[in-house]
2 protein chains.
Amino acid sequence: MLAHRLKQARLKANLSQEKLGKLAGIDPMSASARMNQYERGKHAPDYQLMCKVSEILTMPVSWFYTQDEDAAKLQEIFFNLSADNRKSILASAETLLARNTPVAATE
Amino acid sequence: MLAHRLKQARLKANLSQEKLGKLAGIDPMSASARMNQYERGKHAPDYQLMCKVSEILTMPVSWFYTQDEDAAKLQEIFFNLSADNRKSILASAETLLARNTPVAATE
DNA sequence: GTACTAAGAAATTCTTAGCAG
DNA sequence: CTGCTAAGAATTTCTTAGTAC
């Protein structure tokens with residue numbers, strides 16, 4: 001998981017490290033230490049916990065594992081679109097891919 | 001990490017569990033056991049290893065952590081688009097979002 | 001209240017040594 | 001050759017008990 005994404009999303013939600021940890025189901029006694037270790041990149045949370053965190057912060061869980069900025073942005077937008085708009089974007093992307101860098105086409 | 005995505009991408013690349021592990025830099029002696037444990041969901045690989053695996057399988061690393069099928073498909077397509085086409089899709093998505101489920105707009 | 005950390009306790013993964021198809 | 005597994009070794013995370021602002 002990318003520590004800076006966790007921090008970014010937590011701050012956007014206006015939660016303290018401890019509060020977020022508690023909401024995610026961590027033992028209140030260790031919520032502060034653990035969330036801090038994750039956010040500083042000291043330790044890595046398991047996927048199951050990140051799924052809970054992503055629900056609380058209303059982000060797709062994969063967003064926390066995304067390196068490319070544009071790909072991250074697209075995931076966030078896609079997550080917030082209606083079902084119809086999702087289909088629309090997916091269809092557009094598929095069309096572009098079909099015409100994308102034709103290895104040696106034009107013929 | 002979602003075990004079934006690892007299996008899917010590995011098979012698509014026509015690699016054995018052991019070969020993929022070796023290519024990812026795992027000690028050849030334990031590559032088979034470890035990759036099998038990951039693919040069966042017995043143990044979880046760390047993010048750094050998954051980054052190497054994603055490079056070998058030419059998929060975005062976040063794809064392995066993506067639950068929603070359509071979101072996974074979009075990530076894969078986006079990964080394979082040219083820079084210009086990426087910008088185009090991102091712009092379309094942003095436009096759709098701006099008009100998406102206006103909480104109480106039309107006014 | 002919030003962010004953060006050291007260090008031992010506890011839990012996890014990794015390696016070895018295999019078996020089965 | 002490939003997929004797979006048990007179990008101890010090795011490594012990691014988690015908890016506790018704090019500090020500093």
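Chain letters run A, B, ... following the sequence lines, proteins first, then strands; residues in each count from 1.
If you take OH of B:Tyr38 and P of D:dC4, they are 15 Å apart, rounded to a whole angstrom. Regarding B:His43, its NE2 atom lies at a distance of 16 Å from the P atom of D:dA10, rounded to whole Å. Computed from coordinates, the B:Ile26 CD1 to C:dT16 P distance equals 13 Å when rounded to whole Å. Distance B:Gln48 CD to C:dC14 P: 12 Å, rounded to the nearest Å. Between the CE atom of A:Met35 and the P atom of C:dG1 there is a distance of 19 Å, rounded to whole Å. If you take CE of A:Met29 and P of C:dA9, they are 17 Å apart, rounded to a whole angstrom. Rounded to an integer number of Å, the gap from CG of B:Asp27 to P of C:dA17 is 12 Å.
Toward the 5′ end of DNA chain C lies the nearest nucleotide of A:Lys42, the other residue of the pair A:Lys42 and B:Ala31 mapping further downstream.
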**OP:** Take B:Val61 and B:Glu55, measure what side-chain contact (heavy atoms from CB on, under 4.5 Å) needs, and give me the verdict at the end.
**Re:** CA-CA 8 Å; B:Val61 65; B:Glu55 281 176 30; over 6 Å; no

**OP:** Under the side-chain contact (heavy atoms from CB on, under 4.5 Å) rule, what do A:Asp68 and B:Arg86 come out as? Steps first, then yes or no, please.
**Re:** CA-CA 12 Å; A:Asp68 182 81; B:Arg86 284 190 185 195; 4.0 Å; yes

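In the interface, the side chain of B:Gln37 is not paired with the base of C:dT12 through any donor and acceptor atom under 3.5 Å apart.
Residues A:Gln8 and A:Trp63 form a side-chain contact, since some pair of their non-hydrogen atoms from C-beta on lies under 4.5 Å apart.
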Taking distance alone, no hydrogens or angles, what donor-acceptor pairs closer than 3.5 Å link side-chain atoms of residues 89-98 of chain B to residues at least two apart or in another chain?
residue, atom, partner, partner atom, Å
B:Ser92, OG, B:Ser88, O, 3.0
B:Thr95, OG1, B:Ala91, O, 3.0

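Not one N or O on the side chain of B:Thr58 forms a donor-acceptor pair closer than 3.5 Å with the backbone of B:Ser54.
Neither OP1 nor OP2 of D:dT13 sits under 4.0 Å from any side-chain N or O of A:Arg34.
A parallel orientation is assigned to the rings of A:Tyr65 and B:Tyr65, their planes being inclined by less than 30° (bins at 30° and 60°).
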All N/O contacts under 3.5 Å from nucleotides 2-4 of chain C to the protein, with atom names and distances to one decimal?
residue, atom, partner, partner atom, Å
C:dA3, OP1, A:Arg10, NH1, 3.1
C:dA3, OP2, A:Gln17, N, 2.9
C:dC4, OP1, A:Arg40, NH1, 2.5
C:dC4, OP2, A:Gln17, NE2, 2.7
C:dC4, OP2, A:Asn36, ND2, 3.1
C:dC4, O5', A:Asn36, ND2, 3.0
C:dC4, N4, A:Ser32, OG, 3.1

